[in-house]
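Input: a single structure, listed below in structure tokens.
The figures here come from the full heavy-atom set of this structure, side chains too, leaving out hydrogens, waters and symmetry mates. Below, chains carry the letters A, B, ... as their sequence lines are ordered, and counting in each starts from 1.
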Protein chains: 2
Amino acid sequence: MTQRLDTILHGLEQADQHDALQRAIEALCAFYGVDHMVYHWVSSSGEQYGCGTYEDVWVERYIEKKYLRVDPVISGCYQRFHPVDWKRLDWSSKAARAFQKDAIEHGVGNQGFSIPIRGPNGQFALFSLSHNCTDDEWDAFTETNRRDLILVAHYFNKKALDLEPGRSPEPSQPLSPREIDAMTLLAVGYSRAQVAETLTISEHTLRVYIESARFKLGALNTTHAVARALARGIIVV
Amino acid sequence: MTQRLDTILHGLEQADQHDALQRAIEALCAFYGVDHMVYHWVSSSGEQYGCGTYEDVWVERYIEKKYLRVDPVISGCYQRFHPVDWKRLDWSSKAARAFQKDAIEHGVGNQGFSIPIRGPNGQFALFSLSHNCTDDEWDAFTETNRRDLILVAHYFNKKALDLEPGRSPEPSQPLSPREIDAMTLLAVGYSRAQVAETLTISEHTLRVYIESARFKLGALNTTHAVARALARGIIVV
DNA sequence: TGCCGTCTCGCCATTTTTGGGGAGTTGGAA
DNA sequence: TTCCAACTCCCCAAAAATGGCGAGACGGCA
């Protein structure tokens, strides 16, 4: 068993096209004998990527109906770190139940298990499995394979990120220590006056730092600069 | 081998105190025969947690000297999703080399391997290994154990989060769609006027959103709100 | 020695943001 | 039905941020 998984993961590591990810996910599906597996990025902005075994009709419907904002799997996973069984999510809202009904009608199983994955720049992805079976069977399956699945999910994410050129952060001029101080304090809510006082420099000097940081970060205003510094990991809050 | 690892991971799952994490990391260290292992959260603000086998002197020195801002392991891992060998990081700056020298003098090995881990609310943690050996030996070791180590790192993070009451109960009220729109556009550098125009609402209405978002996020001003929304993964840029 | 980047300071005018009020609609939940 | 959250709009005045001008000191690097 494990040997076979290793083979699939190895194949994944060698993948040089998105195509290979699709093949790998199909292989995994067959290997574990589950109805569906899906890997996809979750992002409010345009850039999207996903592969999996859901029917195209369902995928399109999901996008068209903006189910991203309804799907309890999304909202549930966004707030947690570890994998979760769909049974344990909050399906109480009317919209969620309507979504669930629609999903099952489009071939999604009654059982599910999702692994949230987080990367740099707030990147968030999901690796989900879905199947039709009883609660007990599903619990046994997820319990048995949880570790492997976590690994699989992470390998998928790594590969998907590697294959996507636009995702890697663009290098920017490094900020000077003072500039970092300024950005950091601004990010935690200090006003310019407070930052200047904290750093025991004049407010004008502070302005120079903020402006040069803004320039280096290619930012349009202070908020933008702080957002970029955060996103690029230049500052940590 | 694997059986033994399972035992350690199982012990980790049962852990109900930070103490157990410390014991687990020491056990892992002995199991793999590496000099040091460390798990710690990365955050410039107050909340800190870490456990590991570095000498206390070094840990204190690290904090005191604010090496967090210099350490290439931190900045390097922040930008990437997958584990990284310390050799592949950028040690070119003078500050980085001084840091490295200091680290080695305090018992840190010449080789290292770090696994970045990300959780909800922008949580970021590192699981690092350090050892004294040749490049070839280290490469062989990391290649062999990479998968296990990824798992170990994630189990550590899960447990550390579970044990920390102050970490998860930060369930800030979810933002409404419009509030998210506003925060997102502000984060990409739009001025209020531009955001209002983009959303085709009056600037005043926009203000209402920004203010309520600020309230929900417990932020002191717009920049702070955007920073928090980013850090918590509520918005993605 | 000259150049460059970092750190430090000041003033004025304009634009932008914020804080304080109040008010109406809609649609879903209790 | 009643209530609440979300969405929409308006005015005024104060506070904060930005743009543009200039200037000196320090330390590293070529």
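- Atom CD of Glu211(B) is separated from atom P of dC9(D) by 16 Å (rounded to the nearest Å).
- One can place CG of Leu220(A) at 12 Å from P of dT17(C), the figure rounded to the nearest angstrom.
- Summarising the geometry, the separation between OH on Tyr209(B) and P on dA6(D) is reported as 10 Å, rounded to the nearest angstrom.
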B/S/- along nucleotides 21-30 of chain D (protein heavy atoms under 4.0 Å) is BB------S-
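- Distance Arg178(B) CZ to dC9(D) C1': 14 Å, rounded to the nearest Å.
- Thr222(A) comes within 4.0 angstrom of the backbone, heavy atoms only, and of no base.
- At the phosphate of dC7(D), OP1 or OP2 sits under 4.0 Å from a side-chain N or O atom of Ser176(B).
- Distance, Ile210(A) CD1 to dC9(C) P: 14 Å, rounded to whole Å.
- Side chains of Tyr62(A) and Asp71(A): a donor on one and an acceptor on the other come within 3.5 Å.
- A tilted orientation is assigned to the rings of Phe127(A) and Phe156(A), their planes being inclined by 30° to 60°.
- No contact: Ser212(A) has no heavy atom under 4.0 Å from any strand.
- Whole-Å rounding puts the Leu175(A) CG to dT6(C) C1' distance at 13 Å.
- Using cut-offs of 30° and 60° for the angle between ring planes, the Tyr49(B) and Tyr39(B) rings count as tilted.
- Tyr67(B) places a side-chain heavy atom less than 4.5 Å from the side chain of Trp58(B).
- With sequence neighbours excluded, no residue satisfies salt bridge (charged side-chain N to carboxylate O under 4.0 Å, His left out) with Asp135(B).
- Within the 4.0 Å cut-off from OP1 or OP2 of dG10(C), at least one side-chain nitrogen or oxygen of Ser202(A) is found.
- Residue Thr205(B) places none of its side-chain N or O atoms closer than 4.0 Å to OP1 or OP2 of dT8(D).
- Here dT17(C) presents its P atom at 7 Å from CD of Glu203(B), a figure rounded to the nearest Å.
- Between the C1' atom of dT8(C) and the CG atom of Leu199(A) lies a distance of 13 Å, rounded to the nearest Å.
- Ion pairing between Arg207(B) and Glu203(B) fails under the 4.0 Å rule for side-chain N and carboxylate O.
- In this structure a side-chain-to-backbone donor-acceptor pair under 3.5 Å is missing from Asn132(B) to Gly109(B).
- Minimum atom distance to the side chain of Lys216(B) is reached by dA6(D), of the listed dA6(D), dA17(D), dT8(C).
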